[in-house]
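Whatever order the structure lists ligands and atoms in, that order sets their numbers, starting from 1.
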Amino acid sequence: MTDASPWWRSAAIYQIYPRSYADGNADGVGDIAGIRSRLAHLRDLGVDALWISPWYVSPMADAGYDVADYRDIDPLFGTLREAEELIAQAHSLGLRVIVDLVPNHCSDQHPWFQAALTAGPGSPERSRFHFRPGRGESGALPPNDWPSHFGGPAWQRVTEADGTPGEWYLHLFAPGQPDFNWDSPAVRAEFESILRFWFDRGVDGFRIDVADNLVKHPGLPDLAAIPEGAPSPVSDQDGVHEVYRAWRRIADSYDGERIFVGELWVADRQRFIRYLRADELHTGFNFPFLQAEWSAERMRAVIDDTLAGHTQIGAPATWVLSNHDTTRHVTRYGRADSGYGFDRRRLHGTPVDLPTGTRRARAAALLTMALPGCVYVYQGDELGLWEVEDIPEHLIQDPAFHGTDGADPGRDGCRVPIPWEGDAPPFGFNGPDTHGDGTEPWLPQPAVWKEYTVAAQTGDPDSMLELYRRALRLRRAEPGLGDGPMRWLPTDDDGVLAFTRPGGLTCVVNFSRRPVELPPHEAVLLSSNGFDEGRLPPDSTVWLRT
Ligand code: GLC
C-alpha cells in the first residue's frame, strides 16, 4: 500500500454490529460503552477503520435500520456525547470511523412520518413518503404488487384522522420502515443536512443502506407489468445518481478524504460501476464475490469480472465475505452448496462440515487480503465464528423471520454476541468482570465458543485470530498489497489460482482436492493451513515471496 494513495483505496474495514459487539452496561445488548472498552481489539487486529451499523434512535423494528432520529443515539446504545467520544478515541488509536446511513426509509415513529399520518391525504407531509389510495372498490387492495423483503405486500393501509380506513404507504422492508419519497426536495435537503451533522462530528465516511433503492420508477408500476428482462421499477433507477453526486460534493468539501461505501445489490457489473464514477460513491460492496461458491472457476470468474469493471471506472474493488445480513462464510463454505442467495430457507439447517468451512474461511481470508482494493471483516470473522442455526424461535428478533411466519430463518444466526473471554456464556460480552453475571445476551451463544473467544485464541499460532492478525499486519507492511495491479500466473491444475502483486508477493489458492506443488519462491510469508510434505494442501492459501 503506497502512502500516496488515499486510505480508502486499500483499507481493511471492520464491521461492528453494535447490538452484538460488546455490552458496556450489562443489559444484554451491546452498546457504545462496550465498543469503547473493546477498541484495543481492533487496533491489535490491524484494521484501518470501523463501520458501525446503525446506532440512532430507533424502535428497533429492524435492529436499528428503522431510524426515528438521525441526529441522536438510541438510549440502548448510549448518548451522542459517547458517540463523539468514541469517534475521538478511535481516531487517537489510528482508526477511522464509518457510520451507517439509512436513507431509503425511516421508522414509522419518525416525526415526519407521524406528521404525515396526521396531516392526511394530499398534504405536503405525505409527499415526503409514498402514500397512495388503495385499489379495488373500497381501496382495500394495495396500490401495486410490490412485495416487502420481509414478507407480505410492501404496502400498509393507514387509518385516517376520522377513523376511516385510508391511504396506503410503501415500505420495501418492515411496515415500521416507511420509504421516503426521494422526489421530494425536503427529503434531499434533510439528508444533506444529516451528512453534515455527522461529518461535523468527525466521521470519516458513511455506509449507505440499500443505496440502489432510494429512487423508484415514477408511477410505481406493477412488477407484473414489467416485460421480462426490463429494469426493475424498485431499484437502480437512473435518478439515484444525482443524489450521490450532491452527496459527493458535500464529502469533498470536508478535509481528510471522507468517503461513501454503498450497499449495492446490483448484479449487473456495468450498472454497478456507475455508482463508483469519480463524482459519486467511492466504493461499493462486492456482493457477487460474497455469493460465489468455493471453486477456482467461480472465484476466478468473479474476480476477473470485479477487476475489469473497477479498472474501467478507476475505483478500488472491495472484498467482503460476510456481514450482518448473510450466512456466515464458515457455514457457507462448509456446505455442499457453498454459494449464497437470498433464499436462506433453501440451505438453512442442511449439513455443514465446520472443519472444512473453517479451512476454507482461512484460505478465503488470505485470498481477499491479497486481492487489489479494500477488504471488509465482519465482527466474528476473525474468530472463525459460524452461523448459529439453532436459536430457539421465541428468542429470534429478525423481522425477516417474523414477517414470513418463520419461513425465512432470518439473520439472527450471524448476529450472535461476540465471545471475548472466559469459559461460559456470556464470555465477557457483558464486560471483563461479569462472566456469567448480568443479564443474558440478547441472543444465546453456543457453549463451545469457549474455544473461540478472543482470549482463548490470542497467542495460539493456529487460531483464526492470529492468522487474521498476521495477515493484516503483513498486508499493511507490504507495499504491493491493497490498491494496485495484480497478474494471474499460469497453474498446472485448474483447481488452483495463483496471482502476483508488485514487490514479488505471490498468492496461491488451492481449491482442488489434492495437495499441489508450490511455484518457485524465495520464502513463505504466510500460509492458511500449513503444508503437506512441502505441498499446498486442499482448501489452502499461501503467500510467497517470489
Ligand atoms: C440493509 C441492511 C439490513 C436491513 C435493510 C433494511 O439491507 O443491511 O440489515 O434490514 O437494509 O434497512
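Contacts of ligand 1 (protein heavy-atom distance under 4.0 Å) are Asp62, Tyr65, His105, Phe150, Phe173, Gln177, Arg207, Asp209, Val210, Glu263, His324, Asp325, Arg411, Arg415.
With Trp182 as the partner, the side-chain contact (heavy atoms from CB on, under 4.5 Å) test is satisfied by one option alone out of Val243, Asn213, Val240: Val243.
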(message) Set out, in order, the CA-CA distance, both residues' side-chain angles and the distance that settles salt bridge (Lys or Arg N to Asp or Glu O under 4.0 Å) for Asp398 and Arg344, then state yes or no.
(response) CA-CA 13 Å; Asp398 187 359; Arg344 281 178 290 263; 5.3 Å; no
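For Trp319, the ring pair (Phe, Tyr, Trp, His ring centres under 6.0 Å) partners are Phe289, not counting sequence neighbours. In this view, His329 and Leu321, Ser322, Arg332, Tyr333, Ala361, Asp381, Tyr468 satisfy the side chain to side chain contact (heavy atoms under 4.5 Å, CB included) rule, not counting sequence neighbours.
Evaluation of the salt bridge (charged side-chain N to carboxylate O under 4.0 Å, His left out) test over residues 273-286, restricted to residues two or more places apart or in two chains, returns Asp238-Arg274, Arg245-Asp279, Arg245-Glu280, Arg277-Glu280.
There is a side-chain donor-acceptor pair under 3.5 Å between Ser53 and Tyr65.
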